[in-house]
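Below is one structure, written out as structure tokens, with a few remarks after it.
Protein chains get the first letters and strands the later ones, always in sequence-line order, with residue 1 at the start of each.
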Amino acid sequence: AQSVTQLDSQVPVFEEAPVELRCNYSSSVSVYLFWYVQYPNQGLQLLLKYLSGSTLVKGINGFEAEFNKSQTSFHLRKPSVHISDTAEYFCAVSDRPAGTALIFGKGTTLSVSS
Amino acid sequence: EAGVAQSPRYKIIEKRQSVAFWCNPISGHATLYWYQQILGQGPKLLIQFQNNGVVDDSQLPKDRFSAERLKGVDSTLKIQPAKLEDSAVYLCASSLVGDEQFFGPGTRLTVL
């Protein structure tokens, strides 16, 4: 069965600093990867997804992620964070591009302070 | 376009009581999912519907949990009787067939 490991449960950073949230997945023949963000008391919102093609994926709010097959990783990055980026971030994997249940990691809490 | 609606947003019950959650998906979305998110963990799928048929309920604790989507639109998830370990946020998501999932705000259940 597929699984996802988010290596950091909490990441504190200062405003305007760069950030990387790490995600590793279990290897599979076909893998599709997603990052979701969850603001307090809200549902999950899709940040970006890797289905195929370029390994560097750009998403909303200035986030990007790089698919690394050899290291089975899909780390999320942002060059300069804002206070408003404070939220919970979830990495997820699926064995299909869409339309099937996602398997989520445990989440990483990003806390941005001034 | 209206998003996925869920109610209630919060619910507190005592163990062994029953509880029901309601979800109204985005109009036209044939696929509906219920996830359970326990504090400190990622969401875990409980059940997936396509229209009013069940696609996957392999992780639904069927001795106490039930879900239905009778008319292929809104859905209810029921727990009867509730246990302490059922305290969690219950998320509903919907999608067009084979497309991105959109999540509702969730129902936070506390079982005392």
Value rounded to 0.5 Å, distance of OG in B/S66 from CG in B/D63: 11.0 Å
For the NZ atom on B/K62, are there more than 12 heavy atoms of other groups (residues, nucleotides or ligands in this structure) within a distance under 6.0 Å? yes
Testing B/C92, B/P105, B/S95 for side-chain contact (heavy atoms from CB on, under 4.5 Å) with B/V4, which one passes? B/C92
With respect to chain B, which residue among A/L102, A/L46, A/V4 yields the maximal number of heavy-atom pairs within a distance under 4.5 Å? A/L102
Can you hop from B/L45 to A/V93 via hydrophobic side chains spaced under 4.5 Å? no
A/Q6, part contacting chain B, at a heavy-atom distance under 4.5 Å: neither
Please check if any side-chain donor atom of A/N68 sits under 3.5 Å from a side-chain acceptor atom of A/S70, or the reverse. yes
Got a list of side-chain donor-acceptor pairs under 3.5 Å for residues 74-82 of chain A, not counting sequence neighbours?
residue	atom	partner	partner atom	Å
A/H75	ND1	A/C23	N	3.0
A/H75	ND1	A/C23	O	3.4
A/R77	NE	A/E20	OE2	2.8
A/R77	NH2	A/E20	OE2	3.2
A/K78	NZ	A/N61	O	2.8
A/K78	NZ	A/D85	OD1	3.2
A/K78	NZ	A/D85	OD2	2.8
A/S80	OG	A/E16	O	3.4

Check each atom of A/I103 against the heavy atoms of chain B and say whether the ones under 4.5 Å are side chain, backbone, both or neither. neither
Name, in order of residue number, those residues of residues 6-15 of chain B that have a heavy atom at a distance of less than 4.5 Å from a heavy atom in chain A; otherwise write 'none'. B/R9, B/Y10
Given heavy-atom pairs under 4.5 angstrom as the criterion, report whether the side chain, backbone, both or neither of A/Y39 touches chain B. neither
Kindly work out whether a path of hydrophobic side-chain contacts (I/L/V/M/F/W/Y, heavy atoms less than 4.5 Å apart) joins A/F90 to B/V89. yes
Does the side chain of B/Q101 come under 3.5 Å of the side chain of A/Y36 through a donor N or O and an acceptor N or O? no
